[in-house]
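Working notes, beginning with the structure itself.
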Amino acid sequence: MRQLIVRRLLQTIPMLFFVSIACFAMIKFAPGDPVLSFVTPNMHAEDIERIRHNLGLDKPAYIQYFLWIKEALSGNLGYSLVNHQPVLDQILDRLPATAGLMGASIGLAVLLAIPLGLLAGANRNRWIDKLINLFSYVGISIPLFWLAILLIYFFSIKLSWLPSMGMRTIGVESALDVLKHGIMPCIVLAFGFLAIYVRYIRSSTIGQLKEDYVQIQYAFGSSKRVVLFRHVMKHVLLPVITLLGMSMGELVAGAIVTETVFSWPGIGSLGMTAVRGMDYPVIMGITLFSSVMLIFGNLAADILYGIADPRIQTKR
Amino acid sequence: MRTRKNKSLYGIILMAILTLVVSACSNNGNSSPSPSASNTTPSASQPAESGQAKDGGSLIFAVASDPIVLNPNYAGDRVSLTIDQALFAPLFQVNNGQKTFYLADSLSLSEDGLTYTLKLKEGLTWHDGEKLTADDVVFTLEKILDESQNSFLRANFVIGGKPVQATKVDDTTVEFKLPQVSPAFEAALVQVFPIPKHIFENETNIEKSEKNKAPIGSGPFKFKEYKTGEYLTLERFDNYFGGKPHLDSVTYRVAKDTNAANLALQNGEINLKYLDPQDVATIQATNNFEILPYSEGRLGYMMFNQKSDTGVLNKKEVRQAIAYALNREELIQVAYTSLDYADPAKSFLTPDVLYQTNDVPTFDNDVAKAKELLQTAGVSNLKLRFIVQTGNKAQEAISLYVQQKLKDIGVTVELQSMDSSAWVAKFLDQKATDYELAVTGYIMSFDPDSYSILFSSDGSSNYSHYDNKQVDELFKQGAGEGDATKREGIYKQIQEIVADDAAIYPIAYTKTIVALDKRYGGTEEAVLKPVVVFEDLSKIYLK
């Protein structure tokens, strides 16, 4: 196990390096210029050039990249071109909001997906399966921002049950208040994953139900419910761990949309603002952060999988 | 076994809740300790009680993003400028030709037109209780002029290559010595909001100073709390020289998604918000909001790139022909939904600018005349490339309309849609020659001299590459002309020439629309102002 962890950790170094190069190149080649976001008609050309020089944007791209990587290696992700605040501070400021939202969403998605997937798989082609299938199709195809607006309309405007935006009521410091604000963003972010997990668990359940051990359990007189939730679930849950690791990338993408619509002050909305303002250091910082999350998410999934099923290690 | 499974299930639920709670308890942003829950904002469903000005209550203003920097020497974005307007008091303001003194008591010009004397009001104080004096004004101007301090305002105070000199005469008097006569100086000075010398005097880089995170200003509201990505709250400054503000607090709430923010407005979570013309009807239908459209001194226009590689727009007749093919009222209807939100524009100067006139040549819809002009210019089978920002509703609508109308005079328009940053880069690239048409707009100052950078042949923002030596000469004369009558004549002549040359196709003086909860009053006294919504927020009250 230790060997696996060390090997995977070492593999992450070149991966992060390539991700950073690819990301830097993509942003550099994208149309637009960060300095243009400061330009007002009253500014003179020499003022614009002076700002460009002061920000180091007149240097060749590869030098800008190496300066960035040099600083990044020492833990300094640079300063935002727009508000001049340290990128790392901005990410760390926003991290708790995003981590809370993501954690709660994944938890909610897994929690609902397990019974729904098992039920659908065990009742293949019956009405309940069709209903759950329909639900997951809707979940996969519905745009998150649209679902978000729909929820706001019903729960905030029509029913006045939940606040429509932000993370807390102005001036209020209470966990309960944040929970109330977090309900809708959490549901929206969980929705997409829920649908994917349900479909995965469903097909996995169908496969498991054909296995011999299931027939043996039935032969011993176990009820369908016991077989499903005590024996099949154990086998079905194992691959869900991998699925969780792989969800990290989509989770970041989903968080960008969800956080923007609900004005949730997390990394996703920070990223959105940075992209709009071509704020290179912030975009790079967030990309690096998301990549690390994705890589470590997968690593954690592999390790957990190894712990849950020791046979996996011997295959590597 | 089953119990253990149930336990793990509860464990997961608990984990999910805990993660959210942990994030809730984390203190993100640079907030000062927050007092107990005191959300005094009333709910939107309550009707207005009376029209009387009362003290107390709060106002929640939706802003599209976080402020970039809370220091008026550096604020260039709408959000920072809006918050700064409440935090920092200006010397004076000019709005719709009306001059209102704030920190200043008077501003006078010497006979030779080279020295402005500014008198400050007596007994001014900063939010921290320190006295606000002439030293602060001089310090502010020195820092604006200091190249190492990176202020956007610097170029305004360099006249004919030389800086303006500010000197303290006594505690309430400052003298500004100009290197040459410059009637546009007032338009530059109006942008100055003094910053406190006692706070910033030892800062090497004021722009990046930590002190901007909890700014000390002299405006009607003082800084209270900022939660990055969430909201920024200001509280009433009792010693405001203009009288105690009515509201207890004003909060700028970050609302990134327009659709969601419109719902929050209807839900009472926001009291004041910008509206797109397309959303007015929905908000109006609730009957809870006052819709306030007002001019921002912005001209929306179609730009002719005279330097395109085909060179077709170099000929004045071709530009005039294009103008003849279009109908301004139809264009406004198409782009801004109603004449209520956009006034037809003829001059390149906006109505709030000194000496603006709409009495200039216009080329009103006349297809026959357009065809005739094209023939005179010897142009046939004309093809024009029109760059359009994807997702910009007004630009998309205008481009489609222009494409349709120019077809009537035998001109083909090829639309080139591009992402907004690509569009901006192309538009600002003075060397771009691969397109002929674009739709854009500008907001300049109230003095016509500021427009010289757009229409002088060597102007830094002359994106259409308009070149008329007579106009260049007139702009130079206008900048140094101290006699108001002569100056007026000069700028009227410039407007006529530029219009006759069809240097641009002015479409409309567009209006900004804000929705304010009907329970708030005082909008007339607070005065609607371009970019920052209200000139003096201290006058807004809860009825």
Side-chain angles (χ1 to χ4, degrees), chain A residues 30-33 36 38-45 47 50-51 54 82-84 93-94 96-97 99-101 103-104 107-108 110-111 145 148-149 152-153 156-157 160 163-175 178-179 182 186 230 260-263 265-266 269-270 272-273 278, chain B residues 1 9 12-13 15-17 19-26 28-29 34-35 37-39 60 65 68-69 76 147 150 152 154-156 207-208 225 227-231 233 251 253-257 259-261 263-264 266-267 269 418-419 421-422 424-425 428 442 444 450 453-454 460-461:
Chain A
D33 179 347
L36 298 183
F38 312 132
V39 174
T40 64
N42 298 324
M43 277 172 75
H44 290 187
D47 289 328
R50 187 161 42 88
I51 291 174
N54 290 351
V82 177
N83 62 18
H84 311 295
D93 266 356
R94 307 285 189 117
L101 181 63
L108 184 68
V110 171
L111 217 60
F145 71 89
I149 295 285
I152 294 174
Y153 182 73
S156 300
I157 308 290
S160 297
S164 73
M165 63 189 306
M167 192 170 146
R168 68 195 98 213
T169 308
I170 294 160
V172 175
E173 290 286 349
S174 116
V178 176
L179 267 181
C186 177
R230 190 172 295 175
T260 303
V261 177
F262 288 101
S263 295
S269 63
L270 178 71
M272 190 67 151
T273 312
M278 299 291 286
Chain B
M1 184 78 173
L9 202 69
I12 295 171
I13 298 173
M15 279 286 285
I17 293 171
T19 41
L20 211 58
V21 172
V22 166
S23 73
C25 298
S26 70
N28 74 338
S34 169
S38 60
N39 189 7
I60 303 176
S65 62
I68 288 174
V69 56
E147 278 192 51
N150 252 342
F152 296 164
R154 185 177 178 275
N156 299 312
E207 186 180 20
K208 292 180 183 171
E225 180 184 27
K227 289 203 179 286
T228 321
E230 294 185 73
Y231 60 83
T233 300
T251 296
R253 182 149 208 172
V254 181
K256 296 198 184 218
D257 184 89
N259 294 320
L263 290 174
Q266 293 172 58
N267 201 29
E269 291 171 74
M418 51 184 80
D419 149 82
S421 31
V424 173
L428 294 183
Y442 51 65
M444 306 296 284
S450 63
I453 57 169
L454 293 162
S460 57
S461 304

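On a predicted model such as this, the values are computed, not experimentally measured, just so you know. Here is how names work: the chains are called A, B, and so on, in the same order as the sequence lines, proteins then strands, and each is numbered from 1.
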Distance from [X] atom [atom1] to [Y] atom [atom2], nearest 0.5 Å?
X	Y	atom1	atom2	result
B/K227	A/I170	NZ	CD1	11.5 Å
B/T228	A/L270	OG1	CG	9.5 Å
B/E269	A/I157	CD	CD1	7.5 Å

Check: Which residue out of B/V69, B/T233, B/V254 racks up the most heavy-atom pairs below 4.5 Å with chain A?
Finding: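 Most heavy-atom pairs under 4.5 Å with chain A: B/V254.
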Next item on the list: May I ask you to name which of B/M418, B/R253, B/E147, B/E207 has the most heavy-atom pairs under 4.5 Å with chain A?
Entry: B/R253
Next item on the list: Would you indicate whether the side-chain heavy atoms of B/L263 and A/S164 approach each other to under 4.5 Å?
Entry: no
Next item on the list: Please list, chain by chain and in numerical order, all residues satisfying side-chain hydrogen bond (donor to acceptor under 3.5 Å, both in side chains) with A/S263, sequence neighbours excluded.
Entry: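 Expected list: none.
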Next item on the list: List for me each residue that meets side-chain hydrogen bond (donor to acceptor under 3.5 Å, both in side chains) alongside A/T273, sequence neighbours excluded, and say none if there are none.
Entry: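 B/K256.
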Notebook entry, point to check: B/Y231 side chain to A/G171 main-chain N or O, any donor-acceptor pair under 3.5 Å?
Noted result: yes
